[in-house]
J.: 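Structure provided below as structure tokens; questions to follow.
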Protein chains: 2
Amino acid sequence: MPTPHYGLPRYRAIAEELRERIESGVIPPGALLPTESTLTTEYRASRGTVRQAIAALRDDGLVATEHGRGTYVQVSPLKACRLLESDSATRKREVAASAELAKLFGIEVGAPLLEQESIQRSDGAVETVTKIYKLPKTTR
Amino acid sequence: MPTPHYGLPRYRAIAEELRERIESGVIPPGALLPTESTLTTEYRASRGTVRQAIAALRDDGLVATEHGRGTYVQVSPLKACRLLESDSATRKREVAASAELAKLFGIEVGAPLLEQESIQRSDGAVETVTKIYKLPKTTR
DNA sequence: AGAAATTTGTCCGTATGTATC
DNA sequence: AGATACATACGGACAAATTTC
């Protein structure tokens with residue numbers, strides 16, 4: 001049977017489907033995605049196509065794959081905001097905008113920015129450091 | 001013929017070979033890489049493997065591929081990254097650890113760290129910039 | 001400790017679709 | 001329109017890491 005792909009490629013469609021499951025919380029951060037062979041039968045796609053879909057999510061940093069283990073859902077940038085509220089290892093401070101950040105926000109270099117830093121540890125070792133930059137409310 | 005791969009996977013070996021050609025100037029910036037089918041016969045590898053090698057280079061920002069055209073060597077890996085990514089939503093790159101991050105991760109200042117940056121906009125205006133730092137996992 | 005099962009990684013070959021020249 | 005080149009998709013086979021028994 002041929003392999004036509006009208007519109008969205010299948011691997012992208014599958015990636016979007018999985019992305020929704022993740023972002024809606026059906027598959028929470030830290031949980032394992034269904035195995036490749038499961039997804040293969042679920043979507044009736046070849047393993048290569050499924051792997052391509054997962055690779056797309058991985059490129060976006062949404063998931064991480066480990067050999068022999070599986071593919072884990074990562075703490076996504078958006079959800080990181082919510083995590084900050086409950087996490088203890090979090091800190092807020094005002095910093096001066098770097099050249100890069102200033103350009104992004106469209107402000108002057110050195111202008112004040114609000115930085116929220118969150119540190120995630122595993123067995124005491126720092127695993128991830130998340131920094132969220134926003135404009136101070138006073139400038140809005 | 002089976003598929004043994006002692007040590008380095010073939011697609012990585014091919015990627016390294018191509019990287020050398022690029023960085024040594026044999027294939028100058030702006031030039032086209034050999035076509036996939038050419039590389040297929042050159043390395044006696046399947047097209048999928050060649051494409052995997054090219055994808056690796058693309059991930060590093062060393063080349064860019066255009067449908068129906070070919071794969072171009074980028075002007076300057078580092079500079080091109082900054083220029084091209086000014087609009088994209090998320091990007092990954094390797095950065096040198098600042099004093100603060102080095103202390104947190106327990107590494108040396110300037111050691112490589114993986115940074116994933118995510119930009120959230122609202123009506124075109126940058127609202128939030130999220131940066132997630134992790135230790136590079138695999139040996140690069 | 002060791003064997004088996006599970007799961008992801010690599011590689012091949014083929015066929016067809018789509019964009020560019 | 002035809003040729004060239006990259007994109008998508010399938011299926012099969014074996015390798016390597018992890019978990020389970």
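Here the structure is a predicted model, which means the values were calculated and not measured. Numbers restart at 1 for each chain; the letters A, B, ... are given by sequence-line order, proteins then strands.
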J.: Expressed as a whole number of angstroms, how long is the span from B:L32:CG to D:dA5:P?
T.: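 The distance from CG of B:L32 to P of D:dA5 comes to 10 Å, rounded to the nearest Å.
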
J.: Let me know the distance between CD of A:E36 and C1' of D:dA9, rounded to the nearest Å.
T.: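 Taking atom C1' of D:dA9 as the reference, CD of A:E36 is at 16 Å.
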
J.: Whole angstrom is fine here: how far is it from CG in B:L8 over to P in C:dT10?
T.: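 Spelled out: CG on B:L8 to P on C:dT10 is 10 Å.
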
J.: Can you measure B:I14 atom CD1 to C:dT10 atom C1' for me and round it to whole angstrom units?
T.: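 Atom CD1 in B:I14 sits about 12 Å away from atom C1' in C:dT10.
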
J.: Of the options D:dG11, D:dT8, C:dT7, whose atoms approach the side-chain atoms of A:T35 most closely?
T.: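 Closest nucleotide among those given: C:dT7.
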
J.: Which ILVMFWY residues can you reach from A:V109 by hopping between side chains whose heavy atoms are under 4.5 Å apart?
T.: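 In the cluster with A:V109 there is nothing else; it is isolated.
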
J.: Rounded off to whole Å, could you give me the CG-to-C1' distance for the B:L39 and C:dC11 pair?
T.: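 Nearest whole value for this atom pair: 16 Å.
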
J.: Roughly how far, to the nearest 0.5 Å, is the CG atom of A:L39 from the CZ atom of A:R51?
T.: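 Taking CZ in A:R51 and CG in A:L39, the distance rounds to 12.0 Å.
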
J.: For D:dC10, does either OP1 or OP2 sit under 4.0 Å from a side-chain N or O belonging to A:R10?
T.: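 Yes, A:R10 has a side-chain N/O under 4.0 Å of OP1/OP2 on D:dC10.
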
J.: Look up atom NZ in A:K131 and atom CD1 in B:I132, then write down how far apart they are to the nearest 0.5 Å.
T.: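 It is 13.0 Å, given to the nearest 0.5 Å.
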
J.: From the list C:dG13, C:dT8, D:dG11, which nucleotide is the closest neighbour of the side chain of A:T65?
T.: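 Nearest to the side-chain atoms of A:T65, counting from C-beta on, is C:dT8.
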
J.: By nearest nucleotide on DNA chain D, pick out whichever of A:R44 and B:S37 is the more 5' one.
T.: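 In this pair, the answer is B:S37.
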
J.: Drop me the distance from A:I14's CD1 to A:E42's CD, to the nearest 0.5 angstrom.
T.: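 With rounding to 0.5 Å, CD1 (A:I14) is 9.5 Å from CD (A:E42).
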
J.: In a check of side chain to side chain contact (heavy atoms under 4.5 Å, CB included) between B:L62 and each of B:L18, B:V73, B:L57, B:I54, which one passes?
T.: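 The option that passes is B:L57.
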
J.: Using a 4.0 Å cut-off on heavy atoms, which residues in residues 47-57 of chain A reach DNA chain C? List them by number, or say none.
T.: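 Heavy-atom contacts with DNA chain C come from A:R47, A:R51.
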
J.: Could you tell me whether the side chain of B:T65 reaches within less than 4.5 Å of the side chain of B:E36, counting heavy atoms only?
T.: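 Heavy-atom side-chain distance check fails, nothing below 4.5 Å.
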
J.: Side chains of B:K134 and B:Q116: closer than 4.5 Å at any heavy-atom pair?
T.: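 No, too far: nothing below the 4.5 Å cut-off.
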
J.: What pairs with A:E17 under side chain to side chain contact (heavy atoms under 4.5 Å, CB included), at least two apart in sequence or on another chain?
T.: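 Partners of A:E17 under the side chain to side chain contact (heavy atoms under 4.5 Å, CB included) test: A:R21, A:Y43.
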
J.: Distance check needed: D:dA7 C1' versus A:R12 CZ, whole Å only.
T.: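 It works out to 11 Å between those atoms.
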
J.: Tell me whether B:Y11 shares a hydrophobic cluster with B:V63, the cluster being built from Ile, Leu, Val, Met, Phe, Trp, Tyr side chains joined at under 4.5 Å.
T.: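 Unlinked, B:Y11 and B:V63 end up in two clusters.
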
J.: Pick out the pairs of N or O atoms, protein on one side and nucleotides 18-21 of chain D on the other, that lie under 3.5 Å.
T.:
residue, atom, partner, partner atom, Å
D:dT18, O3', A:R69, NE, 3.0
D:dT19, OP1, A:R69, NE, 2.5
D:dT19, OP1, A:R69, NH2, 3.0

J.: Quick one: name the residues clustered hydrophobically with A:L32, using the 4.5 Å side-chain heavy-atom rule over I, L, V, M, F, W, Y, and just say none if it's on its own.
T.: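 ILVMFWY cluster around A:L32 also holds A:Y72.
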
J.: Taking the side chain as every heavy atom from C-beta outward, state whether A:I22 and A:L33 have any pair of such atoms under 4.5 Å apart.
T.: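 The answer is yes, as the side chains (C-beta and beyond) meet within the 4.5 Å cut-off.
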
J.: Extract from the structure each pairing of a protein N or O with an N or O of nucleotides 2-4 of chain C at less than 3.5 Å, listing the distance.
T.:
none

